[in-house]
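Following: one structure in structure tokens, then a few remarks.
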Number of protein chains: 2
Amino acid sequence: MSKPNKPITIKEIARKLRISPSTVSRALNDHPSIGLVTTMRVKKLAEELKYEPNQTAIFFKQRKTFTIGVILPKLSEPFFASAISAIEEVAGDQKFTVLLGQSLDNPERELNIINSFRTHRVDGILMSLGKNTTNLDFIESLHKYEIPIVFFDCVPEDVEVPKVYCDLSTGIQEAVQAFAERGHTQIALVNGPETLNASVERMLSFKKALEDHGLPFDDKYVVYSDLSEEGNYAAMEKLRMLADRPSAILAFNDYVTLDIIKFAKEKGIYLGHDVHVISFANYSMWKYMDNPPLGSIEQYPAEQGAQAAKILFQLIDKKESDAPIPNHILASKLVYQ
Amino acid sequence: MSKPNKPITIKEIARKLRISPSTVSRALNDHPSIGLVTTMRVKKLAEELKYEPNQTAIFFKQRKTFTIGVILPKLSEPFFASAISAIEEVAGDQKFTVLLGQSLDNPERELNIINSFRTHRVDGILMSLGKNTTNLDFIESLHKYEIPIVFFDCVPEDVEVPKVYCDLSTGIQEAVQAFAERGHTQIALVNGPETLNASVERMLSFKKALEDHGLPFDDKYVVYSDLSEEGNYAAMEKLRMLADRPSAILAFNDYVTLDIIKFAKEKGIYLGHDVHVISFANYSMWKYMDNPPLGSIEQYPAEQGAQAAKILFQLIDKKESDAPIPNHILASKLVYQ
DNA sequence: TTGTACGCGTTATCAT
DNA sequence: ATGATAACGCGTACAA
């Protein structure tokens with residue numbers, strides 16, 4: 001019940017035992033050259049005094065903080081919440097702690113966070129890019145400081161950096177196949193903003209999947225939304241106005257799908273009958289809904305986060321940067337509701 | 001485009017300018033005793049050399065890390081994701097970073113995380129207790145180390161610690177009133193495990209709310225669940241087996257409500273007609289559902305997190321511990337869907 | 001106004 | 001097997 005206002009240090013232990021601080025240090029670290037007796041005495045006293053090494057001193061000395069920084073758009077997104085949850089678990093296993101920063105899709109905030117991480121001397125960074133990020137100079141900057149960075153989910157294109165992401169084409173193939181098997185020929189894509197990589201990728205894979213299944217591709221069945229509720233409604237309205245409406249829809253993500261469901265309800269369109277929907281990223285919510293989408297394409301946020309973290313720890317461990325740049329691409333998968 | 005393999009230090013700047021390191025240090029910190037000219041020269045060179053102070057050294061020296069630790073059960077819970085999202089924003093404003101730890105409701109993990117935080121010399125801790133935590137000795141332990149801790153949401157009872165939480169009684173009053181106004185007299189409570197404070201609190205407030213509205217309280221209308229799907233089903237089955245079934249249900253949380261919805265669908269019970277439901281914690285999901293609950297009782301996770309963070313920073317700033325223990329109780333509120 | 005000297009807690013190196 | 005010393009980068013009392 002003593003009150004250690006001043007934390008116990010190695011020096012104090014040394015003084016009380018009338019030995020040198022270096023001996024204490026070595027004893028505590030099980031250095032082989034220290035005698036068993038001394039080691040025991042030191043450890044015993046350290047225990048009694050409730051000695052706790054001052055990590056800030058160790059960080060300072062070892063130039064290592066056992067800390068990684070994670071930057072992602074928004075923590076309250078279920079997708080990213082799952083990812084960071086998995087990252088934290090992997091990091092914990094490695095005795096690393098996780099520093100947190102959310103960019104809110106703001107490039108300026110992203111840079112601030114990265115700078116903050118750098119001044120905090122994190123050992124590495126995991127990052128999922130915000131929607132509006134265009135300037136990627138910070139990658140080179142981090143490289144100079146020898147801080148490894150691994151991207152996940154929303155990763156930069158055409159840049160040689162370690163990244164982990166989900167290949168949407170496999171899931172889209174499955175989705176189109178699922179539609180085709182059910183006799184659909186007029187399949188629409190409610191896509192995100194044309195400027196987004198994620199949109200382009202969906203579009204290209206969608207087109208290819210149609211071709212692979214011998215289905216015609218028609219521009220009018222691809223509509224774009226800014227992902228706001230109004231945008232989603234406007235996109236749906238475009239489809240509704242068509243002479244031959246689509247009987248199946250691939251939706252940009254689950255949020256879009258929710259708006260599609262709402263739109264359909266308001267317009268008296270019977271989901272799962274008049275039109276069938278498949279979307280991206282899997283909510284456990286769906287099973288509770290009366291007319292859930294046919295399925296959604298799972299992108300495995302937890303796996304992406306865990307995988308990215310593992311790669312980052314490999315990079316942190318071996319300074320050798322002559323190894324090939326590690327990438328990891330997960331296959332997306334259609335999951336039926 | 002120079003490659004600063006070894007980060008620039010104050011010493012180097014001093015050497016290049018042929019002045020002493022202390023002068024450089026003072027100049028960079030705008031110490032009044034340093035001449036304007038010298039200050040400018042130093043700052044200019046520091047800029048050119050892209051000098052970045054070594055935070056680990058500063059942390060070490062100042063015995064302060066500008067870091068807070070946040071412990072909560074599970075990050076992928078939307079409730080906690082919102083909370084930590086708000087916490088991170090408040091911390092960022094104060095130039096603090098956030099260390100993360102999830103307990104997964106495991107008391108052992110909780111202690112490990114706290115120890116990890118302590119060895120990392122965090123300046124303070126925010127914590128939401130796991131469901132299974134009984135031993136609260138760590139609070140006293142942290143007190144000895146003079147590490148302030150503020151609890152939020154799931155807070156310890158009968159312990160004099162700073163805490164922020166939501167008073168459920170106001171929301172429950174509103175819920176019971178809403179039911180009463182609609183003519184319900186047989187109102188059930190599908191509660192969580194009897195051992196949980198959260199359950200006891202709901203139960204007591206529920207009972208009082210019934211009395212306040214002149215409604216009878218009947219034990220048989222209070223059923224308990226372990227919050228698993230099976231448990232929720234079993235609890236609902238108990239209510240279904242009653243001679244006079246309840247026409248209204250207050251549910252422990254939204255997860256329970258989802259199972260209630262599923263149960264009702266399977267048993268052919270028409271929700272919003274045969275039986276009405278109000279639950280706790282608000283999902284934006286509800287608006288997309290065909291028969292959402294009547295409402296839910298909002299507990300404001302973001303506000304709780306932000307408020308707890310603000311209190312923690314006050315505690316960190318003023319070492320004076322003779323001030324009264326700051327508590328902050330938010331009123332819960334019924335939100336109609 | 002500036003420089004000197006020291007200390008924060010730990011560990012690596014060299015000596016004994 | 002153990003001790004003495006230096007060093008990590010920075011801030012600051014004290015001296016000049």
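Residue numbering restarts at 1 for every chain, and letters A, B, ... go by the order of the sequence lines.
OP1 and OP2 of D:dT12 both lie 4.0 Å or more from every side-chain N or O belonging to B:Lys61. Under 4.0 angstrom from either OP1 or OP2 of C:dC8 there lies no side-chain N or O belonging to A:Asn54. One finds no side-chain N or O of B:Thr23 lying less than 4.0 angstrom from the OP1 or OP2 phosphate oxygen of C:dT1. Side-chain nitrogen and oxygen atoms of A:Ser33 include none within less than 4.0 Å of the OP1 or OP2 phosphate oxygen of D:dA1.
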Which is it for B:Glu12 and B:Arg18 under the salt bridge (charged side-chain N to carboxylate O under 4.0 Å, His left out) test, yes or no, and what are the steps along the way?
-> CA-CA 9 Å; B:Glu12 291 180 69; B:Arg18 299 175 179 282; over 6 Å; no
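Among B:Thr67, B:Asp123, B:Val90, the single residue meeting the side chain to side chain contact (heavy atoms under 4.5 Å, CB included) criterion with B:Phe96 is B:Asp123.
Comparing D:dG11, C:dT2, D:dC10 by their nearest atom to the side chain of B:Tyr51 picks out D:dC10. Nearest nucleotide to the side chain of A:Thr38, out of C:dG3, C:dT10, D:dT2: D:dT2. Comparing atom distances between the A:Arg26 side chain and each of D:dA4, D:dG11, C:dT11 picks out D:dA4 as nearest.
Counting any heavy atom pair closer than 4.0 Å across all strands shown, B:Thr9 reaches sugar-phosphate atoms only and no base atom. A:Thr56 comes within 4.0 angstrom of no nucleic acid atom, judged by non-hydrogen atoms across all strands. B:Phe59 comes within contact range of no nucleotide atom at all, as no heavy-atom separation falls under 4.0 Å. Residue B:Pro53 is classed as a sugar-phosphate contact, given heavy-atom separations below 4.0 Å to backbone atoms only.
Per the geometry, NZ belonging to A:Lys64 stands 19 Å off P belonging to C:dT10, to the nearest Å. Distance CD1 (B:Ile19) to P (D:dC10): 14 Å, rounded to an integer number of Å. In this structure, A:Ile58 atom CD1 and D:dG9 atom P are separated by 17 Å, rounded to whole Å. Remark: C1' of C:dG9 and CG of A:Leu28 are 13 Å apart, rounded to the nearest angstrom. Whole-Å rounding puts the A:His31 NE2 to C:dC14 P distance at 13 Å. Distance NZ (A:Lys11) to C1' (C:dC6): 11 Å, rounded to an integer number of Å. Across the protein-nucleic acid pair, A:Leu17 atom CG and D:dA1 atom P stand 18 Å apart, rounded to whole Å. Atom P of nucleotide D:dG9 and atom CG of B:Asn29 are separated by 17 Å, given to the nearest angstrom.
Under 3.5 Å, the side chain of A:Ser22 and the base of C:dT10 form no donor-acceptor pair of N or O atoms. Judged by atom type and distance alone, A:Arg18 does not reach the base of D:dT2 through any side-chain donor-acceptor pair under 3.5 Å. Contact of B:Arg121 with C:dG9 (side chain to base): no donor-acceptor pair of N or O atoms is detected under 3.5 Å. B:Arg63 contributes no side-chain N or O that forms a donor-acceptor pair with the base of C:dG9 under 3.5 Å.
Stacking here means ring centres nearer than 5.5 Å and ring planes tilted less than 30 degrees, and by that measure B:Phe60 does not stack onto D:dC10.
Distance check, rounded to the nearest 0.5 Å: CD1 of A:Ile87 to CD of A:Gln304 gives 9.5 Å.
Remark: the B:Ser82 side chain and the B:Ser85 side chain contain no N/O donor-acceptor pair separated by less than 3.5 Å. Using modelled atom types and a 3.5 Å distance limit, the side chains of B:Asn115 and B:Arg118 yield a donor-acceptor pair.
Taking the nucleotide of DNA chain C with the nearest heavy atom to each of B:Ala57 and B:Thr39, the more 5' of the two is matched to B:Thr39.
Between B:Phe152 and B:Tyr165, the ring center distance fails the sub-6.0 Å criterion.
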